[in-house]
Amino acid sequence: MKIRMVKCNDVGISNCDYIVMGDDMEEVEKTMFEHVENVHRSLLETMSHEEVHDLKHRISAFLGRSCGCGHLPKP
């Protein structure tokens, strides 16, 4: 089973070291976005619908690679 991991910093939220890990990609993705909605609400409120969509896509793309190296290009 492959462990999935994503950090806020990996998807462009550079002031947060929050990490989600698990073996179910959909659950990790859901947990990460719940964290973003709860902890980074003020950031989301400044983003357009397209920017929020892009953030969700970056989370999914990073989890699809899930190497944990932080090498996904920053926005």
Side-chain angles (χ1 to χ4, degrees):
M1 200 175 306
K2 186 174 185 178
I3 297 295
R4 306 292 180 161
M5 179 180 87
V6 65
K7 299 180 278 185
C8 272
N9 195 14
D10 293 334
V11 296
I13 302 174
S14 61
N15 60 344
C16 183
D17 293 326
Y18 181 76
I19 300 171
V20 180
M21 292 175 53
D23 56 9
D24 182 298
M25 189 165 102
E26 290 178 10
E27 188 62 32
V28 172
E29 183 175 355
K30 178 181 173 225
T31 301
M32 174 53 80
F33 202 73
E34 286 173 355
H35 165 78
V36 171
E37 289 179 319
N38 292 321
V39 175
H40 304 293
R41 178 169 300 281
S42 60
L43 173 64
L44 287 178
E45 290 172 353
T46 66
M47 297 172 79
S48 69
H49 178 72
E50 292 80 18
E51 290 169 324
V52 172
H53 176 77
D54 185 55
L55 174 62
K56 289 180 179 181
H57 177 73
R58 287 194 313 267
I59 292 169
S60 295
F62 192 85
L63 286 172
R65 291 180 30 186
S66 198
C67 62
C69 69
H71 191 64
L72 189 66
K74 303 289 189 238

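Numbering of residues begins at 1 and proceeds along the displayed sequence.
Using a 4.5 Å cut-off on side-chain heavy atoms (C-beta onward), D54 and E50 make no contact.
Counting heavy-atom neighbours within 6.0 Å of E51 CD, excluding the residue itself, gives a total above 12. Heavy atoms from other residues, nucleotides or ligands lying under 6.0 Å from CG of D17 number 12 at most.
Across all their heavy atoms, C8 and M32 have their closest contact at N-CE, 3.6 Å. Shown here for L44 and E37, the closest heavy-atom pair between the two residues is CD1-CA, 3.7 Å.
Among V28, T31, I19, the one residue that satisfies the side-chain contact (heavy atoms from CB on, under 4.5 Å) test with V6 is V28.
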Inset, instruction - In sequence, state the C-alpha distance, the side-chain angles, and the governing distance for K7 and F62, and then conclude on side-chain contact (heavy atoms from CB on, under 4.5 Å). - result: CA-CA 9 Å; K7 299 180 278 185; F62 192 85; over 6 Å; no

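Cluster annotation: M47 and F33 are assigned to the same hydrophobic cluster (Ile/Leu/Val/Met/Phe/Trp/Tyr, side-chain heavy-atom contacts under 4.5 Å, transitive).
Salt-bridge check for K30 with E34: passed, with a basic side-chain N closer than 4.0 Å to an acidic carboxylate O.
Going from atom CG of N15 over to atom NE2 of H40 covers 6.5 Å, rounded to the nearest 0.5 Å.
Although no hydrogens or angles enter the test, the distance criterion places no donor-acceptor pair under 3.5 Å between the side chain of R4 and the main chain of M25.
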